[in-house]
Chemist: 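Encoded as structure tokens, here's the structure I'll be asking about.
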Amino acid sequence: MTTQALPVAATEEERYRLKTAASRDFFDRAREYLPGGDSRSTLFYRPYPAVMDRGEGCWVVDLDGNRLLDFTGNHSSLIHGYGHPHVLSAVERQLRKGSCFPGSSEPQLGFARLLCERVASIEKIRFTSSGTEATLNAIRAARAFTGRHRIAKVEGGYHGTVDDVMVSIHPSTQEAGGRSRPRATPHSRGLTPDTMENVTVLPFNDVEGARELIASQATELAAVLVEPVLGSAGMIPAERSYLEMLREVTRELDIILILDEVVSFRVAYGGAQAFFDVLPDLTCLGKMIGGGFPLGAFGGRSDIMAMFDPSDGRPAVPHPGSHNANPIGMVAGIATLELLTPDTLARLNVRATTFRENLAQLFDEFSIPVQVTGLGSLFAMHLTGHPVRSYRDTLNADANLRHQIFLGLFNEGVLIDPRGVGNLSTALGEAEIARFGDALRTVLRRVRGPY
Ligand code: PMP
């Protein structure tokens, strides 16, 4: 933490600027070579993001030496915090043997076995370098298997940067169309021209609306793709009846159900699919399973996954990739999941449930309307008085207050995702979690002012 006395600052942004001079200087230099000064658009926030130097357990330290309690875990990648000794020693051992090879290796087989045994719906699996590649290959597999082209995704759902899923991620109220018949809206310029015509956007947690849409396009749809907990929209869990309906209707109509568990896998030992007891045809994994290294995976039914088998000549769906199943990611992932026993996971989830309850209570003390959403160790704060069951419900939340709270927490030594989202890691103890509450109380007192 910076030790010299700071001038008095009136706003959270002024306080933030006073604490982050080195980050500002970094961005001044970095903008010369990198558009926006970085390579990851979701990390940007105003006035400029903090630049990280190192992580230690549940702490992350920025360039100015600010020590921040990390409630992000690199946006849910690090469930055991930074540098857990079990993960570190597995990685160090593997680094000495080799960081990549022109051939498969034992760690890949070990990790494949572990995941197939842990996730009920995964009979066969393949590894990629990112979650984006996992969803790309799952979608392609669904198209190849069914011979159909159209895919359905949920409004507010995020699945990486492939054209087909860069649709209706954060549409504005004006763009979004009817609530139960959302309009497909491009999330980026430069998408393939017919992308919008080939994607159906489903309303989330609307059983009848989504069922009708799927049924009306039954013969065209290759896949329905859904996150069991909408991450980017603010940790909004699916309702069990919604996922059950998706399973039922896709089974009836021979449509491939893909669950994107890149974020939600941490919800239960066998993923959110085990929690909801809804088994998809294909599952996408990423983030946490890499133990802090770039990794993704997709897997599921043997008959679909067989299309990737090259044993008899060119496979139906080729899947090359220089760093697929990279052994560093494999051993880091194995070590991470070894630590995540059913008991450890249950303790983490109980702690997070209390944490979410306390959060809601704290806002209540200040009479600030909030909806705290989440599942397992995931949480989000939506600053609205209305229940949040879908992306649509977040559109009227107070984005300005959310930003003040985000900067305020940073100023008090606590890091969450700028979208008001976060998660608990096993590295955070009761004392650190209590500090979050103290920091939030201080911030709410400041941003709320005398009342
Ligand atoms: N699916 C979900 C649900 C995600 O949250 C993300 C990343 N935020 C992805 C896919 C894409 O993963 P990656 O960033 O590793 O490409």
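Remember, it's 1-based here, ligands and their atoms both numbered in the order they're listed.
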Chemist: Between Phe275 and Asn349, is the side chain to side chain contact (heavy atoms under 4.5 Å, CB included) condition met? List the steps.
Modeler: CA-CA 12 Å; Phe275 174 84; Asn349 289 352; over 6 Å; no
Chemist: On the six-membered ring of Tyr269, is Arg118 placed so that its NZ or CZ lies under 6.0 angstrom from the centre and within 45° of the ring axis?
Modeler: yes
Chemist: Before signing off on this row, confirm whether Thr132 and ligand 1 have an N or O atom pair separated by under 3.5 Å.
Modeler: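 For ligand 1, there is an N or O atom that lies under 3.5 Å from one belonging to Thr132.
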Chemist: Numbering the atoms of ligand 1 from 1, which are under 4.0 Å from a heavy atom of Lys287?
Modeler: 5 (O), 7 (C), 8 (N)
Chemist: Under a 4.0 angstrom heavy-atom cut-off, which atoms of ligand 1 come close to Ser130?
Modeler: 15 (O), 16 (O)
Chemist: Any idea which atoms of ligand 1 are less than 4.0 Å away from a heavy-atom of Val263?
Modeler: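 Those of ligand 1 that fall under 4.0 Å from Val263 are 5 (O).
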Chemist: Whether the side chain of Arg179 engages the backbone of Pro203 through a donor-acceptor N/O pair (distance < 3.5 Å, no angle test) should be reported.
Modeler: no
Chemist: Take atom 14 (O) of ligand 1 and look for protein heavy atoms under 4.0 Å from it; say yes if you find one, no if not.
Modeler: no
Chemist: Run the salt bridge (Lys or Arg N to Asp or Glu O under 4.0 Å) test on Arg40 and Asp38 for me, step by step, so that the C-alpha distance in whole Å, both residues' side-chain angles and the decisive distance to 0.1 Å come before the verdict.
Modeler: CA-CA 6 Å; Arg40 195 171 161 194; Asp38 197 3; over 6 Å; no
Chemist: Using a 4.0 Å cutoff against the non-hydrogen atoms of Gly131, which atoms of ligand 1 qualify?
Modeler: 11 (C), 12 (O), 13 (P), 15 (O), 16 (O)
Chemist: Between Asp260 and ligand 1, find which residue part has any heavy-atom pair under 4.0 Å and reply side chain, backbone, both or neither.
Modeler: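 Answer for Asp260: side chain.
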Chemist: Under 3.5 Å, is there a donor-acceptor pair between the side chain of Thr192 and the main chain of Thr195?
Modeler: no
Chemist: Mark up the atoms of ligand 1 that fall under 4.0 Å of a heavy atom belonging to Glu227, in ascending order.
Modeler: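 So the atoms of ligand 1 that pass are 3 (C).
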Chemist: Is there a donor-acceptor pair under 3.5 Å between the side chain of Thr20 and the backbone N or O of Ser23?
Modeler: no
